[in-house]
Structures are given as structure tokens and as C-alpha cells.
2 protein chains.
Amino acid sequence: MQLTTPPKRPLTLRDVSDACGVSEMTVSRVLRKRGDVSDATRDRVLAAAKALGYVPNQIAGSLASQRVNLVAVIIPSLGNMVFPEVLNGVNQVLEDTPLQPVVGVTDYLPEKEERVLYEMLSWRPSGVIIAGLEHSEATRAMLRNAGIPVVEIMDTDGKPVDAMVGISHRRAGREMAQAILREGYERIGFMGTKMPLDHRARKRFEGFTEGLAKAGVEIEDRAFYSGGSALAKGREMTREMLERSPDLDFLYYSNDMIGAGGLLHLLDEGIDIPGQIGLAGFNNVELLQGLPRQLATMDACRNEIGQAAARIILNQTIPDPDPDVPTQITLTPTLSLGDTLRRRRQG
Amino acid sequence: MQLTTPPKRPLTLRDVSDACGVSEMTVSRVLRKRGDVSDATRDRVLAAAKALGYVPNQIAGSLASQRVNLVAVIIPSLGNMVFPEVLNGVNQVLEDTPLQPVVGVTDYLPEKEERVLYEMLSWRPSGVIIAGLEHSEATRAMLRNAGIPVVEIMDTDGKPVDAMVGISHRRAGREMAQAILREGYERIGFMGTKMPLDHRARKRFEGFTEGLAKAGVEIEDRAFYSGGSALAKGREMTREMLERSPDLDFLYYSNDMIGAGGLLHLLDEGIDIPGQIGLAGFNNVELLQGLPRQLATMDACRNEIGQAAARIILNQTIPDPDPDVPTQITLTPTLSLGDTLRRRRQG
DNA sequence: GTGAAAGCGCTAACAA
DNA sequence: TTGTTAGCGCTTTCAC
């Protein structure tokens, strides 16, 4: 039931004040649950605000209080599965706090990252969570000068502007290499995204080749793609690679989706997995549970990263920050062997 | 190279004004590219702003100008694939405009929708794009009284508060029913999410049963799930359903992911698709291209919906809106038969 | 427990 | 082309 006709001009504190005969100041106090207000006045104010359908103006509030309860979260993409999970972690922690995440997407483009950060900073957020350690000089300067907590996430192979939460992708690649060699595979192919700008994928690849090199092994074939359905690409690239290099006994994919494509192709061909060819991906995407075989993979601690980052920001916005909350966190990804990296030893 | 030490207090227009000896007003004009400013002054201002690393304060700007270039986009989930694609559509259209989308997530909970909308409205955005036509009375009241353009998206089976862009899910369900019957299938099972709150899935289901009913056909078995990996759930539910009802000759899934799970299960069992059993899903998710068979499905025009919604908002924020931009748009989803709904006629 | 005054950093409107 | 003045709607601070 409408008590009044819909207002053309947004309502102000003043309107509520008029409606209930209480000063603006007191109305403000009631609405923010601050300071002491008698129950009677509080009830009158609340009733009036509700009846009018008053929605406070945060713009004015933030300007006056010099506080903005927004946390800028800047990520490369929403299509990647990885990032929505990070956001969930952030949300879980900020859920019952005054802080609110605001998401910006960069499409893996440094210039866009710069623009997005600039726009978000112009709202004077209480903190920034940003993916990756690699940024343009301008971006880094903005982060340094913002005067607010900054958490760089996902990756810990590098030097952060301020705080940092993630995993070492280099090490993840290296450990995967070791796991593969341990099982006796030695003719190894790699498939991944074209990654001039996906630094995490690049570091994994570098760690991987490094890990192989230590055992005197080199990648025998490699292929990169961009765009298109990852599953379809995985199929296609795998077919092509095996035509080119039929002797490969292991395929390492830079993510689970193309890995799954490869898996489906090999199953179609009736190839023995993991006997004849072993497979591994990266990310441990839940989405893929239910495939005919469980792909070997490594999880990237996505949710945990989001949570930890949010906690760091949160800690810095409260009256006296707990000095025990660490600001440089390296998480350890777990390797799942699944059904594609457990070779029955040959001999 | 830093020209100054990092400021502890954020810089103001005043600082730039002082630094270049030009009035605040003129600095403001330069930074907003408004009004006539001589090239000489502009260059001086720009140089000073850049050297200082000045980032304008939108909070103050918006309060003064009574304009906020934000568009609230309220969706149920980011994990659903569907919504990131809608967001992409929105982004594409707003990319080169002053408007900026801000995303809020409701987790399919009406109370959370209410909270999220309230918080977003408190930033006085220029428009709202919100998923669905079903909202709490309070939510609807806020939308009505906000005094800004509101576009309800995804669904057109109902009455919008203001503008609306989507498809008719009821009709989509009905058309799928017809397509299935046309191929001669008649013993039909349904699997979907528990959908007390997913109104689109519910409407599809209703349209579907309605479409069957017209031909005197009834669903023979049904099952609902919630949570977990959709692919795995699809496998499991399909197995269970076929144990229970071995005579089914068609399975309709409320989304492609569980449909894909079902598909994989049937292939494992060596069941002839689409001869013995036909399959269909919904959404036409690109992700799944590359499966052994292409699942019959219907696309939900996700990107287009985002684009159209953004255009409606955009049109209302410009000086004189084009009256020819329609505000109630019903898109037509296309049916893809794929490889799982093309039965060789039996007889 | 309540109210009055001042001002947050910017821009609209007007004056020069 | 440039500058001045007066707020935007709220909160801070201080007085009562």
C-alpha cells in the first residue's frame, strides 16, 4: 500500500525529518544506528522513513564522512570460472561487514586495467583487491599513491605493491613436472592459451619446463590457442598434436577445459589413458566432475584467496588492525592425480 | 619518476589549481572536457594533474552535479555462465559511454535482492537492470519509486515495472515439447534444478508440460536436484531415472550442463542417441561445444538481452531520448537440434 | 538525548 | 575564455 504518491525528486533526510518532527541530525543518527536516541524517537523516525520509502544518499553521506565502504575488486574476466570463485570468497568474508565489493573487469588488457582502476579509485574505495602482480607503471603508481590497502591476488611470484595472496604458479608448474616424471612419462607435449598477457599461465609453463629440465627432459611439442570453445579447442589441438608427434606419452594442458577436450578426443580414439598417454590440466574446476575420467589437475585455492584478501582489507579498515593478520600469503595448491596420471609402472 | 612524495591526504582540485595557477573551476572544466578552454591553459592543467597523480573525486562530483554515471545490474549468480554473458552484452554497449555497470548478486534470494537493490539505489544510479519479473513487494516499490529507468531482463512472461527485455520461457518450453513430439518421441522424462525461486526454469517446465498436454502426452518421470557439480548430477540422475523408468525415449533437462552429464552417461552405457533415447537441454552454452555429441538446446539470447537492456537505459539518460527505442522486447530463442533430437523416423 | 552550524570536494549558473 | 558564488545531502563537532 502506497502512503504517498511516488516522488519525482528523490527523498532527503529533510523529508523524513519533516514527516516525523525530529531534527535531521537525529534522523541521521537513527538511520545509522549511532549514538543514543530514545526508543520513542527511534520508532517514530523508522516508521516515517519506511512509510515514505526513504533511501539514504550514500553519495552525500560518503562525502561528509570521508568514508566509502566500497572495496574495488579488479579481475581479468568473468568468463573464466576462476574469478567468480574468488569473488565468492570475497563476498563470504564481507557479507556481514559494512564493506561492499565492487567488481571491475580488465579483459587481460593492461590499458583497460589502468582505466578501470582509475575509475574505481575516483570513488575513493576503502581498499583494492587486484589480480596479478604485473601492472603498467601508471597502475602501480596509482596503487602506491591511493593511500588505501591494496592486495594483489592469485600469484606470489613477484613483488607486491602492498599485500599479496596467492600461489606460486612457477612452483605449481614445477611440481606438476615432477609428478609426471615420477610416473615414468618422458615424451611430453604442452597445450595452452596464447599467453603474452596471462602471466600466471606463463609462469606455470616456465616452472613446468624448468622442472623437466632438471631431469634433463624437454617438451617435445607445444601448441597455443586463443578464443573459441575451450573444450572444442582441446579436442582439435590434441588431434593435431598427436598427428604431428605420435610418440608423445603425456599431455599437459594449461587449464582443465582444454584438458577435458583432449581427454574426450583420446577416449574417442580408444587410446589407453593413462597407460599409453597421461593427461593433466590446471584449476580443478568443479564443473568437470562427471567426465568419464577425472583429469589430473591442481587446484588454485580460488575461494581461499578471495577470503584471505578480503580479510586483509577488512583488518585494515577497523579501528585498530590486528598486527597478526599476515599480508603476504602463499597458499599451497593440492595436486589431484585423478584417473589420468597414475600409470601402472611398465617394468 | 615521482615529482612529489606520495600524498597522505588524497589530492583535491584545489591542489591542481594551486600547482598550475588556474582557478579550480577551469581545472574542473579541463578534466571533464567541458566548455571552452584555451589550449595553453588546458595543457598546463593536464600536465599539473598528471604530475601530481590527481584522481578526481566522483563522490563530490556526483553530489554537486546530481548525476551518477552508474547502472545497477542485479543478477542471481555469477556461477551460472548465463549471467556473465548478459554482463558482456551490457558492457559492450556501455563501453564507450559515460555509463558504468555495477553488479550486484542475489543468490536467487528475494530478501538478498531487496538488500542489494537498496544498497545500489543508495548510490543513486542512472538506471537499474534487474533479472526477472518476480520480486518482493518492497523491491517492486523501490523500483517504481526510484525515479530512474528500470529494465527487467531474461523473462517476458509477466508485467514489468517499467521496461523489459527477454524471452518467453513458457513458450520456449512449449516449443521444445512440440519439437520433441514432432520427432515421434512420446515417453518423456524431465530433470531440472529444484526451482522454487528460479522462475525462468519453472516457467519453462510449465510451458513444456503444457505443450505436451496439448498432444495428450504427460511427463512420465521427473527429478530435481540442487547443488553439486551439474555434470555429475546429470549423470547420476539420468542413471537413476532410467533404472526407475526404463521405457523412456526422451529426456528433457532444464539446462545444458546436466543434459551433458546425461549424455555422457548414456554414451557410457552404449545407448543409441537419438534413436533409442533423445535428449535436449537449454541455454546453448558455448562451453559444451566439443562434447562427443552436440546436445539439442535452445539459446536464451543472453548477450542480446544485455545489449538491449543497456541501450534502453542509455537512451533514457541522453538529452532527448529516441522515442523509437522500444521498451518491451521479446526475443525469439532459436532451437538447435544438435545430434540428439533428430530421430530417424521409425516406420 | 537532541539540535545548530559548518563544511566534505566538486559543479551549475552566472558574472566578468 | 575565465572566475565567483552558492549549494548538492549528508555527517562532524560542539552546544544545550
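Scope of the values below: all heavy atoms of this structure, side chains included, with no hydrogens, waters or symmetry mates. Computed from a predicted structure; not experimentally measured. Lettering follows sequence order; numbering is per chain, from 1.
Close to dT11(C), at under 4.0 Å from its OP1 or OP2, lies no side-chain N or O of Ser65(B). Between Arg32(B) and dA12(C) there is a side-chain polar atom (N or O) within less than 4.0 angstrom of OP1 or OP2. OP1 or OP2 of dG7(D) has not a single side-chain nitrogen or oxygen of Gln66(B) nearer than 4.0 Å. Contact annotation: Thr41(A) reaches the phosphate of dT2(C) (side-chain N/O to OP1 or OP2, under 4.0 Å). Phosphate contact (OP1/OP2 of dC10(C), side-chain N/O of Arg67(B), threshold under 4.0 Å): absent. An OP1 or OP2 oxygen of dC10(C) is reached within less than 4.0 angstrom by a side-chain nitrogen or oxygen of Tyr54(B). The shortest distance between the side-chain N/O atoms of Arg29(B) and the OP1/OP2 oxygens of dT11(C) is not below 4.0 Å. OP1 or OP2 of dT11(C) sits under 4.0 Å from a side-chain N or O of Ser28(B). At least one side-chain nitrogen or oxygen of Ser38(B) sits closer than 4.0 Å to the OP1 or OP2 atom of dT2(D). Between dT2(C) and Thr26(A), no contact under 4.0 Å exists linking OP1 or OP2 to a side-chain N or O.
Using a 4.0 Å cut-off between charged nitrogen and carboxylate oxygen, Arg200(B) and Asp155(B) do not count as a salt-bridge pair.
The residue Asp36(B) sits close to a base: some heavy atom pair falls under 4.0 Å.
Distance, Arg34(A) CZ to dT2(C) P: 17 Å, rounded to whole Å. Straight-line distance from the CZ atom of Arg14(A) to the C1' atom of dA4(C): 13 Å, rounded to whole Å. Separating the CZ atom of Arg44(A) from the P atom of dT2(C) is a distance of 9 Å, rounded to the nearest angstrom. In this structure, Leu63(A) places its CG atom 17 Å from P of dG7(D), rounding to the nearest Å. Between the P atom of dA16(C) and the CE atom of Met25(B) lies a distance of 17 Å, rounded to the nearest Å. Computed from coordinates, the Asp18(B) CG to dC10(C) P distance equals 12 Å when rounded to whole Å. Taking atom CZ of Arg124(B) as the reference point, atom P of dC10(D) lies 7 Å away to the nearest angstrom. Remark: P of dG3(C) and CD of Glu24(A) are 11 Å apart, rounded to the nearest angstrom.
In this structure, Arg32(A) places its CZ atom where more than 12 heavy-atom neighbours from other residues, nucleotides or ligands lie under 6.0 Å away.
Without hydrogens or angle criteria, Asn69(B) side chain to Leu99(B) main chain gives no donor-acceptor distance under 3.5 Å. Between the side chain of Thr26(B) and the backbone N or O of Val22(B) there is no donor-acceptor pair closer than 3.5 Å.
Counting only heavy atoms from C-beta on, Ser23(B) has its side chain closest to dG3(D) among dG9(C), dG3(D), dT11(C).
Judged by distance alone, the side chains of His135(B) and Glu114(B) never bring a donor and an acceptor atom under 3.5 Å apart. Defined by atom type and a distance below 3.5 Å, a donor-acceptor pair is missing between the side-chain atoms of Ser38(B) and Arg42(B). Side chain to side chain, Tyr54(B) and Asn145(A) fail the donor-acceptor criterion of an N or O pair below 3.5 Å. Using modelled atom types and a 3.5 Å distance limit, the side chains of Asn88(B) and Gln92(B) yield no donor-acceptor pair.
At its two ends the helix from dG1(C)-dC16(D) to dA16(C)-dT1(D) runs along axes set 30° apart, each axis drawn from five pairs and the angle rounded to 10°.
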